Structure formats: C-alpha cells, structure tokens
Amino acid sequence: MPSLGPISRPQLIASLRRIGFEGPYSGGKHQFMVRSGVVLTIPNPHRSDISVGLLKIILRQAGILREEWEAT
C-alpha cells in the first residue's frame, strides 16, 4: 500500500480486504465492512479521492496502525 495519502474508494476497500475485513455490505445510508466484531462504515463514492484526514479517521476507527496500513 502506498504511504498515508489520498486514496480512491476501490483502493480503500481492496486494502481493507487484504488486512482482513469482509464486505462491503449494504447498510442504511452507507456500506460497511466487518473484522473481528469491528464494524467500519465506508464513505459513499464521490468524484474525488478520500482525503488524508478522512483516511486517518477510518483507520483509527478500524484499529489499524499506520505501520500495518503501509505494510499491506
């Protein structure tokens, strides 16, 4: 995985799957992914990439360390 930076939604989903998340599954307004009881909401698709700030929030909620993210 590239260093912590902007990422497209399909790249985010693929990286989360490599880390062990399953999904995405349909939810209410957003899709979500699951790993070991952790339910992670995935942003809806937009024209632009997911920003660094939002990516950091997603990784924090998922319990993924930066080192683990960059190693995938």
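Fair warning: this is a prediction, and the values are worked out from it, not measured in the lab. Start at 1 with the first residue, then count along the sequence.
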Quiz item: Do N44 and H30 come within less than 4.5 Å of each other through their side chains, counting heavy atoms only?
Solution: yes
Quiz item: What is the distance from atom CD of Q61 to atom CG of L59, rounded to the nearest 0.5 Å?
Solution: 9.5 Å
Quiz item: Do L4 and E70 come close enough that some side-chain heavy atom pair is under 4.5 Å?
Solution: yes
Exercise. Return the minimal non-hydrogen interatomic distance between P6 and D49, and the atom names on each side.
Key: CB-CB, 4.1 Å
Self-check item: I58 and P43, any side-chain heavy atoms less than 4.5 Å apart
Solution: yes
Quiz item: Are I42 and I19 connected in the hydrophobic side-chain network, where two residues link if heavy atoms are under 4.5 Å apart?
Solution: yes
Quiz item: Which pair of non-hydrogen atoms, one from S15 and one from I7, has the smallest distance, and what is that distance?
Solution: OG-CD1, 4.4 Å
Self-check item: Any donor-acceptor pair under 3.5 Å from R9 side chain to I50 backbone
Solution: no
Quiz item: Is L40 reachable from Y25 through a run of hydrophobic residues whose side-chain heavy atoms are each under 4.5 Å from the next?
Solution: no
Exercise. Scan I64, V39, I13 and name whichever one has a side-chain contact (heavy atoms from CB on, under 4.5 Å) with F21.
Key: I64
Quiz item: How far does CD of E22 sit from CE of M33, to the nearest 0.5 angstrom?
Solution: 8.5 Å
Quiz item: Hey, is the main chain of G23 close enough, under 3.5 Å, to the side chain of R17 for a donor-acceptor pair?
Solution: yes
Quiz item: Would you say F32 and I57 are hydrophobically clustered, going by side-chain heavy atoms of ILVMFWY under 4.5 Å?
Solution: no
